[in-house]
Amino acid sequence: RVQRQFGLHDLAIEDAGNAHQRPKLEQYGDGLFVVARTARIVDGGIGFGETHLFVGQGYIVSVRHGASRSYGAVRQRCEACPKTLAHGEDYILYAVLDFIVDDYRPVIETIRAEVEAIEDGVLQSTLASAQVERLYHLRRDLLRLRGAVVPLVDVCRRLEHADVLPIDPEMQPLFRDVTDHVHRVAEEIDSLREVLAFAFEASLMMGQAQQTETTRRLAAWAAILAVPTAIAGIYGMNFEHMPELTWRYGYFAVLAVIALTCSGLYWRFRRNKWL
């Protein structure tokens with residue numbers, strides 16, 4: 001019924017009926033079809049949705065899929081200012097896109113707080129398996145969020161330079177402002193992904209350092225214990241003609257050699273910070 005009323009294109013209607021569309025801007029005659037991805041924090045993770053907009057002379061139709069806030073607040077804000085609403089559907093399109101981009105901000109701030117907590121903890125101790133798993137999920141969510149934000153930059157840029165699109169030239173500065181906001185969000189996403197990559201690499205390096213330290217300690221104690229083992233092994237052989245076996249002070253001499261050698265090795269390893 002809406003398609004017949006406004007003469008909407010069949011291909012745009014087909015796209016609007018299916019979710020999982022990439023953010024894009026298409027022109028069908030004198031009308032525009034805009035796809036934008038939305039994001040919200042849902043149950044500790046990022047819930048993604050889509051908003052499909054049909055924009056033409058005298059009308060704007062929105063179709064929502066998945067997680068997104070109602071655009072009732074946008075409508076109230078536009079209707080509260082008749083002067084700006086006089087710009088028509090172009091201003092409403094700007095208001096909806098600006099609303100979608102502003103909703104990225106709470107998502108970014110929530111992830112930033114968790115990333116900073118992980119970054120502070122990674123330098124104090126190695127990450128537990130649950131933390132590593134959470135780090136992986138955060139990087140995956142940020143990658144999906146980047147896939148939703150970055151294509152929107154091209155959409156806003158085309159609206160900003162609407163030389164062939166039916167957009168009021170007076171509205172182009174507003175779309176330029178949305179483009180700047182989207183750029184800023186994309187840069188923050190990239191910086192958070194770099195921080196998470198650094199945290200993961202730092203955790204790996206700290207784990208390797210701890211393993212190296214443990215290996216050094218084990219090697220040092222093995223070297224110390226090798227001395228009495230070797231001496232005991234020599235004098236434990238069943239040979240009859242061993243001069244030290246009949247020596248009166250041989251037992252005490254062997255114990256003294258073992259004690260001095262082990263003490264010397266222990267002091268040397270402690271000096272080299274292996275123990």
*Asks:* E114: what forms a salt bridge (Lys or Arg N to Asp or Glu O under 4.0 Å) with it, not counting sequence neighbours?
*Replies:*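 Salt bridge (Lys or Arg N to Asp or Glu O under 4.0 Å) list for E114, sorted by chain: R134.
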*Asks:* With a cut-off of 6.0 Å (strictly less than), are more than 12 heavy atoms of other residues, nucleotides or ligands near CZ of R268?
*Replies:* no
*Asks:* Under 3.5 Å, side chain of N18 to main-chain N/O of E14, donor-acceptor pair present?
*Replies:*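 Checked: pair present.
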*Asks:* Work out which heavy atom in A148 is nearest to a heavy atom in Y104; give both atom names and the distance.
*Replies:*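 Where A148 meets Y104 most closely, the heavy atoms are O-OH, 4.1 Å.
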*Asks:* If you count every heavy atom of other residues, nucleotides or ligands that lies below 6.0 Å from R140 atom CZ, does the total exceed 12?
*Replies:* yes
*Asks:* If you take all heavy atoms of G58 and E89, which pair is closest and at what distance?
*Replies:*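 Minimum heavy-atom separation between G58 and E89: N-OE1, 3.3 Å.
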*Asks:* Any ion pair linking D190 and R146 (charged N to carboxylate O, less than 4.0 Å)?
*Replies:*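 The answer is yes: the pair qualifies as a salt bridge.
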*Asks:* Less than 4.0 angstrom from a charged side-chain N to a carboxylate O is my criterion; do R105 and E188 meet it?
*Replies:* yes
*Asks:* Heavy atoms only: give me the nearest V107-A39 pair and the separation to one decimal.
*Replies:* CG2-O, 3.8 Å
*Asks:* Can you tell me how far CD1 of I108 sits from CD1 of I41, rounded to the nearest 0.5 angstrom?
*Replies:* 9.0 Å
*Asks:* Are V150 and V35 in one and the same hydrophobic cluster, where Ile, Leu, Val, Met, Phe, Trp and Tyr link if side-chain heavy atoms are under 4.5 Å apart?
*Replies:* no
*Asks:* With a 3.5 Å cut-off and no angle check, do the side chains of H183 and R157 form a donor-acceptor pair?
*Replies:* yes
*Asks:* Y94 vs Y91, test: ring-ring contact (aromatic ring centres under 6.0 Å, His included). Steps then yes/no.
*Replies:* CA-CA 5 Å; Y94 152 75; Y91 180 80; 5.6 Å; yes
*Asks:* Closer than 3.5 angstrom, by distance alone: can the side chain of R158 be matched with the main-chain N or O of L25 as a donor-acceptor pair?
*Replies:* yes
*Asks:* Quick one: do F269 and W221 end up in the same hydrophobic cluster if we chain Ile, Leu, Val, Met, Phe, Trp and Tyr together by side-chain heavy atoms under 4.5 Å apart?
*Replies:* yes
*Asks:* Listed by chain and number, what are the salt bridge (Lys or Arg N to Asp or Glu O under 4.0 Å) partners of D141, not counting sequence neighbours?
*Replies:* none
*Asks:* Give me the atom names and distance for the closest heavy-atom approach of C156 to V182.
*Replies:*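 Closest approach of C156 to V182, heavy atoms only: SG-CG2, 4.2 Å.
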*Asks:* Taking the basic N atoms (NZ, or NE/NH1/NH2) and the acidic carboxylate oxygens, is any pair closer than 4.0 Å for D15 and K24?
*Replies:* yes
*Asks:* Can you confirm whether or not the ring centre of F33 sits under 6.0 Å from the ring centre of F54?
*Replies:* yes
*Asks:* Write down the atom of V115, the atom of L138, and the distance for their closest heavy-atom approach.
*Replies:* CG2-CD1, 4.4 Å
*Asks:* Could you check whether the rings of Y71 and F99 sit parallel, tilted or perpendicular, using 30° and 60° as the cut-offs?
*Replies:* perpendicular
*Asks:* Do L97 and L159 come close enough that some side-chain heavy atom pair is under 4.5 Å?
*Replies:*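 The answer is yes, as the side chains (C-beta and beyond) meet within the 4.5 Å cut-off.
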*Asks:* With a 3.5 Å distance limit and no angle check, can you tell me whether E50 reaches the backbone of Q21 through a side-chain donor-acceptor pair?
*Replies:* yes
*Asks:* In terms of hydrophobic clusters joined by side-chain contacts under 4.5 Å, are L152 and L53 together?
*Replies:*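 Same cluster.
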*Asks:* So, taking the atom named CG in L93 and the one named CG in D98, what distance separates them when rounded to the nearest 0.5 Å?
*Replies:*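 Reported value, rounded in 0.5 Å steps: 11.0 Å.
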*Asks:* Measure across R37 and P23 and return the closest heavy-atom pair with its distance rounded to 0.1 Å.
*Replies:*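 Heavy atoms of R37 and P23 come nearest at CG-CG, 3.4 Å.
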*Asks:* If you round to the nearest 0.5 Å, how far is CZ of R193 from CG of L145?
*Replies:* 10.5 Å
*Asks:* Drop me the distance from I111's CD1 to L142's CG, to the nearest 0.5 angstrom.
*Replies:*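 The CG atom of L142 is 4.5 Å from CD1 of I111, to the nearest 0.5 Å.
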*Asks:* Taking L225 as the starting point, is it possible to reach L218 by hopping between hydrophobic residues whose side chains are less than 4.5 Å apart?
*Replies:* no
*Asks:* Quick one: does H65's side chain have a donor or acceptor within less than 3.5 Å of a partner on A16's backbone?
*Replies:* yes
*Asks:* Say whether, by atom type as modelled, one donor and one acceptor occur between the side chain of Q57 and the main chain of Y59 under 3.5 angstrom.
*Replies:* no
